Colleague: 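The structure that follows is given in the form of structure tokens.
Model, not experiment: these values are computed from the prediction. In this chain, numbering begins with 1 at the start of the sequence shown.
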Amino acid sequence: AKTEEFDNADAETLVFAFSVKHEQKMDCGGGYAKLLPPGIDVTQFNGDTDYSIMFGPDICGYSTKKVQAIFNYNGENLLRNNDVKCPD
């Protein structure tokens, strides 16, 4: 959902959080949230839209069950180096 633009340049902390509860067992899927940079036309939003931060659960079979956290800096996606496990 779109919110008012804000400037947190003087703030020490930005908290960006959400909660996901999948009502059914899932073989493969996710539930990502994206923090978009200023100037993005949200009416044209799609999977390729630029973002500053993307995070959420990534579940695929029994081998992948983690929280993705991807930061975009200067056009480059920076993945976390260690996994954060999703709860069962």
Side-chain angles (χ1 to χ4, degrees):
K2 185 174 182 175
T3 62
E4 295 288 325
E5 285 192 23
F6 65 93
D7 181 355
N8 71 323
D10 296 331
E12 292 182 22
T13 303
L14 171 66
V15 176
F16 177 50
F18 77 109
S19 178
V20 175
K21 179 181 178 189
H22 296 287
E23 296 292 333
Q24 299 174 343
K25 277 261 190 230
M26 171 170 50
D27 288 333
C28 205
Y32 299 112
K34 291 183 176 182
L35 180 63
L36 306 177
I40 296 293
D41 180 1
V42 295
T43 64
Q44 301 297 313
F45 182 82
N46 63 55
D48 294 326
T49 300
D50 288 339
Y51 60 86
S52 299
I53 301 170
M54 180 179 85
F55 77 104
D58 182 10
I59 300 168
C60 198
Y62 294 103
S63 61
T64 302
K65 199 170 197 180
K66 61 185 175 183
V67 176
Q68 289 279 18
I70 304 169
F71 302 88
N72 187 287
Y73 182 72
N74 288 334
E76 182 181 354
N77 289 341
L78 307 171
L79 298 167
R80 287 183 51 92
N81 289 330
N82 56 344
D83 287 346
V84 176
K85 299 294 182 195
C86 289
D88 288 332

Colleague: In a check of side chain to side chain contact (heavy atoms under 4.5 Å, CB included) between N72 and each of N77, L35, D50, which one passes?
Modeller: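 Among the candidates, only N77 passes.
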Colleague: State, to 0.1 Å, how close I59 and K65 come at their nearest heavy-atom pair, and which atoms those are.
Modeller: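 Here I59 and K65 meet closest at CG1-CG, 4.2 Å.
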Colleague: Search all heavy atoms of Q68 against all heavy atoms of D58 and return the closest pair with its distance.
Modeller: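 Looks like NE2-OD2, 3.1 Å.
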Colleague: What's the separation between atom CG in L36 and atom OH in Y51, rounded to the nearest 0.5 Å?
Modeller: 11.0 Å
